[in-house]
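Heads up: numbering here begins at 1 and tracks the sequence.
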Amino acid sequence: MTKGAAVLAFDMGASSGRALVGRLTEGDNGRSRLEVTEVHRFPNHAIQVGKHLHWDTLRLLHEMKKSIRFAFQKGYEPATFGIDTWGVDFGLLDANGELLGNPYHYRDPHTEGLIEEVSGLVGQRALFEQSGLQFMPFNTLYQLYAMVKAASPKLEVAKTLLLTPDLLAYLLTGVKSCEFTMATTTQLFDPGKQAWNVELMDRLGIPSHLFLEPVQPGTIVGPLSPEVQEELGVPAIRAVAVGTHDTESAIAAVPAGDEPFAFLVCGTWSLLGTEMDGPLLSPETMKLEFSNEGGVGGTYQLLKNIMGLWLLQECKREWDEQGKEIGFPELVRLARQAAPFRSLVHPDDPRFFSPGGMADKIRSFCAETNQPIPQSEGEIVRCILESLALRYRQALEQAEQLTGRVYGGLHMVGGGIQNELLCGFTANAIGKPVWAGPVEASAIGNMLMQLVALGECKDLKEARELVAASFPVDVYEPEADAGWAEAYGTFLGFGRV
């Protein structure tokens, strides 16, 4: 590996975006290490316009341009950049290549009821076999079908659909592309045929000409456009199609060995599953509500989407607006002091999906299930964290059931692992070790595929060895049961898979 080689990763989350530079250095033992430095962080807020919720795409573009300028001003001179974001969302371009309005946010309510409607038209089993995905209301399929039902004029004039990271790359380079891992989040890509499901699109009235042929992670897309180079005063660094779905970038950065492993990407969403050689499209997979998403290096991820720390983030936002402004470390301290297993919720109850009133939604779930109603901030946070840990146990057991494997523990990566209480609760709930790290997994996985594109890493295996050599992993061993088994019985009684 070339000492000093640098790459720029944009890691875009549902509430903030970050630009980080990765640089290869030499460690004490002579082995290459990846050194990561944040150069810019910026907010990413949903914007309510009338009845709809949108992303502020041009604001994100502005902040990304600032990030590129900052990286060069600080002397890093990255050779390439890559973008990873949340899945499913998209922008539409007209015949002139101009963006047709601000894209919808995946929490926009215009897809309500469409899972049932589309399943009735196509058949639930057929729909799963042709997509491999969990039926989630925000999937691209339902967003586009909502536009069809609303007779959206955008669909009449649109010439190209670009998923969010491809759209942002296009606005910087002028090159249109579609990256594979993101394509598999749409529910319109058939993993069996490894092609867009044109027959399904035609049946639902979705224009199939909008979709580009997917490219694999590690493909070089193209350089910054001349206009952007001139505006920023930077050279023609090239965009790389990394694992543009942030989940897939995060999984690429799991410092696992050659043995099959279970992972948990922990953030606003929690994604728990295992890496596979191909999709698993069995009836049991559909019944247990697992997804098959394309990964980097020719892999597929069998995983379950879990609501995640969204519940805690929404509660904190609500408390901040009330003037309490309690930081996350203090909320965790209050949770430690609260009584264990007093109240539990199922994180994936539909009421928790939409923003607003999260603390009251948690109380209503507890009231409806005849549990003590949490009142204080500490009681609510403890309820959320214990419930998430128990949900992780359930999903891990289901993954073992589907694959016939038994995992020795759970690799946790992502920003959520900074919550040490949640990591400890998870180890206790599953009764196995938790290996936590790295925190910046999505950005690191983004960098790894850039290094593969540049020839600095040979393949995914060598890239993961670089992660293991570069970043510490904290180990959480399970403690004595202390009520977790009984709590798990209560949790299973909520009756969701």
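When atom types are taken as modelled, the side chain of Asp348 and the backbone of Met307 share a donor-acceptor pair closer than 3.5 angstrom. Without hydrogens or angle criteria, Thr140 side chain to Val88 main chain gives a donor-acceptor distance under 3.5 Å. Of the possible polar contacts, none joining the Asn96 side chain to the Glu98 backbone as a donor-acceptor pair under 3.5 Å is found. Here the side chain of Arg107 pairs a donor or acceptor atom with the backbone of Phe353 at under 3.5 angstrom.
For the pair Leu309 and Leu388, the minimum side-chain heavy-atom distance is below 4.5 Å. Residues Thr181 and Asp84 form no side-chain contact, since every pair of their non-hydrogen atoms from C-beta on lies 4.5 Å or further apart. Side-chain contact between Leu144 and Leu161: present, with at least one pair of heavy atoms (C-beta onward) separated by less than 4.5 Å.
Here Lys316 pairs with Asp320 in a salt bridge; the nearest charged N to carboxylate O distance falls below 4.0 Å. Classification of Lys65 and Glu231 as a salt-bridged pair holds, one side-chain N sitting under 4.0 Å from a carboxylate O.
Side-chain contact check for Gln143 and Asp89: at least one donor-acceptor pair (N or O, by modelled atom type) lies under 3.5 Å. For the 3.5 Å distance criterion, the side chains of Thr268 and Gln313 qualify, holding a donor opposite an acceptor. Defined by atom type and a distance below 3.5 Å, a donor-acceptor pair is missing between the side-chain atoms of Trp55 and Asn102.
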Using residues 292-306 as the side-chain source, report each donor-acceptor pair under 3.5 Å to any protein atom, sequence neighbours left out, with the distance given to one decimal.
from	atom 1	to	atom 2	distance (Å)
Asn292	OD1	Leu280	N	2.6
Asn292	ND2	Gly132	O	3.1
Asn292	ND2	Leu280	O	3.0
Glu293	OE1	His245	ND1	3.1
Thr299	OG1	Val296	O	2.8
Thr299	OG1	Gln301	NE2	3.2
Tyr300	OH	Gln194	NE2	2.9
Gln301	NE2	Glu275	OE2	3.2
Lys304	NZ	Leu288	O	2.8
Lys304	NZ	Gln398	OE1	2.7
Lys304	NZ	Val497	O	2.4
Asn305	ND2	Gln134	OE1	3.1

Cut-off 3.5 Å, no hydrogens considered: what does the side-chain donor-acceptor table look like for residues 450-463, sequence neighbours left out?
from	atom 1	to	atom 2	distance (Å)
Gln450	OE1	Thr80	OG1	2.7
Gln450	OE1	Phe81	N	3.2
Gln450	NE2	Leu8	O	2.9
Gln450	NE2	Asn446	OD1	2.8
Glu456	OE1	Thr2	N	2.6
Glu456	OE1	Thr2	OG1	3.2
Glu456	OE2	Thr2	OG1	2.8
Asp459	OD1	Lys461	N	3.3
Asp459	OD1	Glu462	N	2.9
Lys461	NZ	Glu465	OE2	2.8
Glu462	OE2	Lys458	N	3.0

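Residue Glu321 places its CD atom among more than 12 non-hydrogen atoms of other residues, nucleotides or ligands, all under 6.0 Å distant. Atom CZ of Arg238 is surrounded by 12 or fewer heavy atoms from other residues, nucleotides or ligands within 6.0 Å.
Nearest approach of Val215 to Thr219, heavy atoms of both residues: CB-OG1, 3.9 Å. The shortest non-hydrogen separation linking Gln187 to Asn139 is OE1-ND2, 2.7 Å. The two atoms that bring Tyr407 and Lys432 nearest to each other are O-NZ, 2.7 Å, heavy atoms only.
A ring-centre distance under 6.0 Å is found for His40 and Phe70.
Partners of Ser177 under the side-chain contact (heavy atoms from CB on, under 4.5 Å) rule, at least two apart in sequence or in another chain, are Asp166, Val221. With sequence neighbours excluded, the residues that form a side-chain contact (heavy atoms from CB on, under 4.5 Å) with Val36 are Leu20, Leu34, Ile444, Met447, Phe471. A search for ring-ring contact (aromatic ring centres under 6.0 Å, His included) contacts involving Phe211 returns Trp196, not counting sequence neighbours. Applying the side-chain contact (heavy atoms from CB on, under 4.5 Å) test to Arg333 and every residue at least two apart in sequence or in another chain returns Glu330, Gln337.
Applying ring pair (Phe, Tyr, Trp, His ring centres under 6.0 Å) to Phe138 and the options Tyr104, Phe90, Trp269 leaves one that passes, Trp269.
By the 30° and 60° cut-offs, the orientation of the rings of Phe189 relative to Phe180 is perpendicular.
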